[in-house]
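Take a look at the structure set out below.
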Amino acid sequence: MQRNMSLDILKLAMAFMVVGLHAGFLNEFTSLGHYLTVNGFFRIAVPVFLIINGYYFCDVVLKGNYLNWFKRLVVLYLFWMLIYSVFWFELPGFSFIEIARLLFKFFIGYHHLWYVSGMIGAAVMLVMLRNRSSKLLFSLMCITFLCGVLIQYLGNYHYFGSGFLDKLFNLTWMHRNAILFSYPFFCLGYLIKKHEFYKKLDKNQLYLMVFIGLVFLLLESYYNFSRQGGAFDIYLSLIFVAPAIFLLFNNINVIGSSKSIALYSSSIYFVHSFVLSVLIDFTNLGPSLITVCCITLSFLLSIAVLKIHERFRFIL
């Protein structure tokens, strides 16, 4: 079966960005370069992943095959949460708070696995709204996205001083969740596919859109760097640049039949957190070299993961 491998290549590049983001790329060399990558350019990775998955989810909904899709994602999530349980699981006491905290960790997801739980939640929303108009879906997408951006900015700049709201808005899960982060980009990919927006723009227009979007992303990132705004997961400019990058790569035809690149990108995403933990704990390497080593070792580990995947398909 033929596939457009340009999107697989894009996913692999995004996986490398996630590694650099978590490793703190360039931090030992330049604070500005570190911020513009880790809290700037690399932040396109997860939105692009979500757009790609939302794009393919459209066919799943149209065929009414979403129950199998959910089953596959839930099993995938449970498997990797089990693999990483050594990092997050602790036997709770008998108090309600301890049990609730453990359940919260389980449903939100450990470290990078929040992406899978968030995507499942976003897909649930889309299935519930599948018979509603695209205008409603788009409006809800805009509202949830803007709420997420607003919460991130209000929290990072301590608009509410040091009170309860400030503490609440500085909790990562307040803006990085299924509703305010995952749904907007997942829905955007779904609408791009449903209304075939990828057929309505030529490459020159898309190159220009990507260029303008990246300029705005870096300007927004630089503004927050200059104001010492702290770490950011979500930027206003991401809603423009992420779909532009997706549409550009979707319009570049690299036809092939192998899924290996896509599988490597998924495997690197899932295993890199373990590799990164080992490198941080057992080496004295700087963040940039750790990034390179983590990508390399994650790739090598993925060779074994893909071999296991041939027998146990649910792991990727």
Side-chain angles (χ1 to χ4, degrees), residues 3 5-28 34 37-38 41-50 52-53 56 72-90 105-106 108-120 176 233 249 254 256-316:
R3 56 190 288 118
M5 296 180 66
S6 62
L7 289 179
D8 296 341
I9 295 169
L10 176 61
K11 288 170 66 177
L12 185 63
M14 297 298 106
F16 291 163
M17 287 185 186
V18 171
V19 176
L21 190 159
H22 289 150
F25 185 65
L26 294 180
N27 193 36
E28 74 272 46
H34 166 72
T37 51
V38 169
F41 182 59
F42 291 174
R43 294 294 171 176
I44 65 175
V46 173
V48 168
F49 274 135
L50 288 166
I52 292 173
N53 282 288
Y56 287 117
R72 184 178 68 83
L73 261 290
V74 169
V75 171
L76 176 75
Y77 179 70
L78 292 176
F79 172 76
W80 287 104
M81 282 294 285
L82 178 62
I83 293 295
Y84 281 100
S85 60
V86 64
F87 295 103
W88 66 268
F89 182 80
E90 294 179 2
K105 287 181 182 179
F106 175 77
I108 290 294
Y110 167 76
H111 197 227
H112 59 310
L113 299 181
W114 75 267
Y115 163 75
V116 183
S117 66
M119 185 164 61
I120 292 171
R176 199 182 71 182
D233 290 298
F249 275 81
V254 182
S257 57
S258 174
K259 291 182 63 177
S260 61
I261 296 177
L263 291 172
Y264 270 106
S265 68
S266 297
S267 179
I268 289 170
Y269 182 87
F270 285 119
V271 305
H272 85 273
S273 186
F274 172 77
V275 175
L276 188 59
S277 297
V278 172
L279 288 171
I280 291 173
D281 289 343
F282 295 99
T283 72
N284 293 316
L285 301 175
S288 298
L289 190 52
I290 280 185
T291 300
V292 175
C293 290
C294 187
I295 289 173
T296 304
L297 293 175
S298 296
F299 180 83
L300 293 174
L301 182 57
S302 293
I303 296 174
V305 172
L306 262 65
K307 288 292 184 182
I308 298 171
H309 172 261
E310 291 177 3
R311 182 168 182 180
F312 302 100
R313 310 292 291 183
F314 61 86
I315 70 172
L316 290 178

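The figures here come from the full heavy-atom set of this structure, side chains too, leaving out hydrogens, waters and symmetry mates.
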Problem - Verdict with supporting geometry, V254 and D8, side chain to side chain contact (heavy atoms under 4.5 Å, CB included) - result: CA-CA 10 Å; V254 182; D8 296 341; over 6 Å; no
Could you tell me the separation between the [atom1] atom of [X] and the [atom2] atom of [Y], rounded to the nearest 0.5 Å?
X    : Y    : atom1 : atom2 : value
H272 : L297 : NE2   : CG    : 13.0 Å
L26  : T291 : CG    : OG1   : 8.0 Å
C294 : H22  : SG    : NE2   : 10.0 Å
N284 : L279 : CG    : CG    : 11.5 Å
K11  : I268 : NZ    : CD1   : 12.0 Å
L76  : I120 : CG    : CD1   : 8.0 Å

Handout entry: F79/F312 aromatic ring centres below 6.0 Å
Key = no
So does [Y] get a backbone contact from the side chain of [X], meaning a donor-acceptor N/O pair under 3.5 Å?
X    : Y    : answer
W88  : H111 : no
S267 : Y264 : no
H34  : F25  : yes

Exercise for the section: Please report the shortest heavy-atom distance between M17 and F42, naming the atom on each side. Expected result: O-CD1, 3.6 Å
Practice task
Mind telling me whether H112 and Y269 have parallel, tilted or perpendicular rings, with 30° and 60° as the class edges?
Solution key: tilted
Exercise for the section: For the pair W80 and Y84, name the ring-plane relationship: parallel under 30°, tilted 30 to 60°, perpendicular over 60°. Expected result: tilted
Is any side-chain heavy atom of [X] closer than 4.5 Å to a side-chain heavy atom of [Y]?
X    : Y    : value
L10  : I52  : yes
Y115 : L50  : yes
L73  : V116 : yes
W114 : V46  : yes
V305 : V271 : yes
E310 : K307 : yes
I9   : I261 : yes
M14  : S265 : no

Handout entry: Residues F249, V48; criterion side chain to side chain contact (heavy atoms under 4.5 Å, CB included); working and verdict
Key = CA-CA 11 Å; F249 275 81; V48 168; over 6 Å; no
Exercise for the section: Determine whether more than 12 heavy atoms belonging to other residues, nucleotides or ligands lie under 6.0 Å from atom CG of D281. Expected result: yes
Problem - Check against side chain to side chain contact (heavy atoms under 4.5 Å, CB included), V38 and N27 - result: CA-CA 9 Å; V38 169; N27 193 36; over 6 Å; no
Problem - side chain to side chain contact (heavy atoms under 4.5 Å, CB included) assessment of S273 paired with Y110 - result: CA-CA 10 Å; S273 186; Y110 167 76; 4.0 Å; yes
